[in-house]
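Worksheet for the structure shown next.
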There are 4 protein chains.
Amino acid sequence: MATQEAIEKSEQKSKAGGIAQEQLRSLIERIERLEEEKAALAADIREIYAEAKGNGFDPKVMRQVVRLRKMDSAERQEQEAILDLYIHALGM
Amino acid sequence: MATQEAIEKSEQKSKAGGIAQEQLRSLIERIERLEEEKAALAADIREIYAEAKGNGFDPKVMRQVVRLRKMDSAERQEQEAILDLYIHALGM
Amino acid sequence: MATQEAIEKSEQKSKAGGIAQEQLRSLIERIERLEEEKAALAADIREIYAEAKGNGFDPKVMRQVVRLRKMDSAERQEQEAILDLYIHALGM
Amino acid sequence: MATQEAIEKSEQKSKAGGIAQEQLRSLIERIERLEEEKAALAADIREIYAEAKGNGFDPKVMRQVVRLRKMDSAERQEQEAILDLYIHALGM
DNA sequence: TCGCCTGATAGTTGCC
DNA sequence: GGCAACTATCAGGCGA
């Protein structure tokens with residue numbers, strides 16, 4: 001995909017090619033807006049872990065729990081199997 | 001944070017340690033809820049890039065633009081931070 | 001520690017205060033040189049993982065092995081114990 | 001990469017699968033060696049900051065300076081990258 | 001010395 | 001299916 005095409009496309013739409021510029025600006029701004037919201041949610045999540053830590057829970061293990069809950073058990077078992085294989089190969 | 005401590009802490013709060021269980025469950029669920037929302041936003045962002053591509057814009061260039069704008073503001077913040085440091089270092 | 005002090009210190013050493021500047025430049029350059037070397041080693045390590053992958057080994061598990069080998073077993077067992085506790089608390 | 005595949009691959013190479021074991025051991029040891037060197041460099045860097053502090057420089061300011069210089073060159077690279085993208089996007 | 005916070009590293013996901 | 005960008009995790013440095 002080339003800017004060239006973008007320019008042509010915009011020129012199909014207007015006399016000045018300024019339309020594409022406006023579209024681009026709008027798209028970029030929508031993206032940046034959504035990324036801000038995403039960052040805010042990430043901050044909220046961090047805050048919960050901090051709160052949990054303050055209540056005596058171990059955040060590191062909590063993260064592990066969240067990971068396990070969304071992980072397919074089949075793949076998890078396979079990973080463990082490979083790990084065992086390597087551990088034995090190294091005589092650990 | 002040790003398991004022992006976690007257990008003790010929960011036992012300070014209840015007769016059975018069931019309170020800590022409920023707290024933990026609640027925290028985990030709040031986190032999972034927020035992560036769902038975050039994933040939804042990420043999907044929205046992907047969608048915008050796809051839409052932009054459909055309108056003849058190059059997503060790769062757009063990502064670079066977004067990245068660059070983010071770096072600009074980050075660097076601005078760094079500049080201010082170092083200015084503050086100098087000001088303090090000079091005892092002003 | 002303040003720049004003020006640094007300036008005073010340098011003025012004890014010279015008439016111009018340019019000495020401190022030279023020292024600072026030298027220190028910064030030594031640091032940057034070492035960080036380059038560090039980055040080069042990191043690149044070498046990445047390369048070995050890539051090579052391993054090319055030979056049919058799973059890099060992710062290899063990293064896990066390296067981590068385990070440098071980890072104290074006591075702490076590892078404790079982490080596992082906490083994890084079990086949480087898993088049971090959540091009825092997983 | 002699956003365990004099965006790893007096993008098969010090793011068995012293609014030798015009669016006993018012992019070759020893969022030796023390969024794995026060798027790779028792990030090379031990695032551990034490089035990581036030691038990397039840790040040594042990190043220690044050297046820390047030492048320089050300590051030495052600098054002993055000479056009246058503020059390590060915090062120094063770290064900020066190093067960070068800023070790194071960001072400058074990173075941003076320069078990003079600028080060049082986007083310029084390349086534009087050039088290609090315009091079909092030049 | 002401990003807890004916090006930032007910077008470095010590893011893992012995941014999306015794109016080609 | 002491999003590669004690259006992005007995100008989340010972890011560890012080390014700093015301040016209280």
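Treat the numbers as computed from the prediction; the structure is a model and nothing was measured.
- Atom CD in B:Glu47 sits about 12 Å away from atom P in E:dC15, given to the nearest Å.
- With rounding to whole Å, D:Met71 atom CE is found 12 Å from E:dG7 atom C1'.
- When rounded to the nearest whole Å, the span between CZ of D:Arg69 and P of E:dG7 equals 17 Å.
- Spacing between atom NZ of A:Lys38 and atom C1' of E:dT12 amounts to 12 Å, rounded to whole angstrom units.
- Put simply, D:Arg63 has no side-chain N or O that comes within less than 4.0 Å of OP1 or OP2 on E:dT6.
- Between the CG atom of C:Asp58 and the C1' atom of F:dG2 there is a distance of 15 Å, rounded to whole Å.
- With hydrogens and angles disregarded, a donor-acceptor distance shorter than 3.5 Å links the side chain of A:Tyr86 to the backbone of C:Asp58.
- Taking atom CD of residue B:Gln77 and atom P of nucleotide E:dG7, one finds them 11 Å apart after rounding to whole Å.
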Verdict with supporting geometry, C:Gln64 and C:Arg67, side chain to side chain donor-acceptor pair (under 3.5 Å): CA-CA 5 Å; C:Gln64 200 172 347; C:Arg67 216 181 305 131; 5.6 Å; no

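- Hydrophobic clustering (ILVMFWY, side-chain heavy atoms < 4.5 Å, transitive): D:Tyr49 and D:Leu68 are in one cluster.
- Backbone-only engagement by A:Lys60 is indicated by non-hydrogen atom pairs under 4.0 Å involving sugar-phosphate atoms exclusively.
- Put simply, CD on A:Gln64 is 18 Å from P on E:dA10, counting in whole angstrom units.
- OP1 or OP2 of F:dG13 lies within a sub-4.0 Å distance of a side-chain N or O belonging to D:Arg46.
- Residue A:Lys70 is classed as having no contact, given no heavy-atom separation below 4.0 Å to the nucleic acid.
- Here A:Lys53 reaches the OP1 or OP2 of E:dC4: one of its side-chain N or O atoms lies under 4.0 Å away.
- Cluster membership for C:Leu41 and C:Leu34, using ILVMFWY side-chain heavy atoms within less than 4.5 angstrom, is shared.
- Between D:Glu80 and D:Arg76, no side-chain nitrogen of the basic residue sits less than 4.0 Å from a carboxylate oxygen of the acidic one, so the salt-bridge criterion is not met.
- Within the nucleic acid shown, C:Arg67 comes within 4.0 Å of sugar-phosphate atoms alone, with no base atom in reach, counting heavy atoms only.
- Following rounding to the nearest Å, D:Asp44 (CG) and F:dG13 (P) show an atom-to-atom distance of 13 Å.
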